[in-house]
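Working notes, structure below.
Values below: every heavy atom of this structure, side chains too, minus hydrogens, waters and symmetry copies.
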Amino acid sequence: MDFKMKQKWLFVVLLSFFGLVSCNSAQTVMHKSVSVYYAGPDDGVKTALDLAAQAQTVAWAADPAQAEVWILNGEIPDPQAAAAHLEGGGGAILI
């Protein structure tokens, strides 16, 4: 699989995941959105996260220290901060 195909596949998987997470049953259930810090290009991954933010499944965190999950797409802007985030129990997705 080439890089473009993997990227499209990842977009479909993320979109499906966040779509399923945001679905509600007949009973309305309030859920807390996950705060996310994103570093990377404006590609399919970013588009999927934007859609999840519109569904209020994801909330953007401008400050990485305030995010529950870091999504690092092709770059790690501050490796030492990322290591501290993980050691502190934070989540991360590396693409």
Side-chain angles (χ1 to χ4, degrees):
M1 239 192 241
D2 67 340
F3 180 73
K4 285 284 188 190
M5 187 60 140
K6 287 180 183 178
Q7 196 172 31
K8 288 178 183 178
W9 179 249
L10 180 63
F11 171 72
V12 169
V13 169
L14 283 174
L15 185 61
S16 298
F17 171 75
F18 288 118
L20 289 173
V21 169
S22 66
C23 290
N24 290 331
S25 62
Q27 179 184 13
T28 302
V29 178
M30 297 301 292
H31 57 80
K32 179 181 173 279
S33 60
V34 177
S35 61
V36 171
Y37 169 72
Y38 176 80
D42 288 340
D43 60 5
V45 175
K46 179 77 160 59
T47 301
L49 291 169
D50 283 335
L51 292 171
Q54 290 175 12
Q56 298 177 346
T57 305
V58 166
W60 292 114
D63 180 12
Q66 301 301 317
E68 296 171 84
V69 176
W70 288 16
I71 299 179
L72 306 173
N73 185 6
E75 63 183 72
I76 301 175
D78 186 352
Q80 291 176 338
H85 174 73
L86 292 172
E87 288 172 357
I93 298 175
L94 302 173
I95 302 169

Look at the side-chain heavy atoms of Ile, Leu, Val, Met, Phe, Trp and Tyr, link any pair under 4.5 Å apart, and say whether L94 and L49 land in one connected group. no
Side chains of S33 and Q56: donor-acceptor distance under 3.5 Å anywhere? no
Atom CG of L51 and atom NZ of K46: how far apart are they, to the nearest 0.5 Å? 10.5 Å
Reported NE2-to-CD distance for the pair H85 and E68, which is rounded to 0.5 angstrom: 9.0 Å
With sequence neighbours excluded, tell me which residues meet side chain to side chain contact (heavy atoms under 4.5 Å, CB included) with L86. A92
Test of understanding: with ring-ring contact (aromatic ring centres under 6.0 Å, His included), list the residues that count as partners of Y38, not counting sequence neighbours. none
Taking atom OG1 of T47 and atom CG of D42, what is their separation to the nearest 0.5 Å? 7.5 Å
Can you measure from CG (L72) to OH (Y37) and round to the nearest 0.5 angstrom? 7.5 Å
Counting only heavy atoms not in E75, do more than 12 fall under 6.0 Å of its CD? yes
Side chain to side chain contact (heavy atoms under 4.5 Å, CB included) against A53, all qualifying residues, sequence neighbours excluded: W60
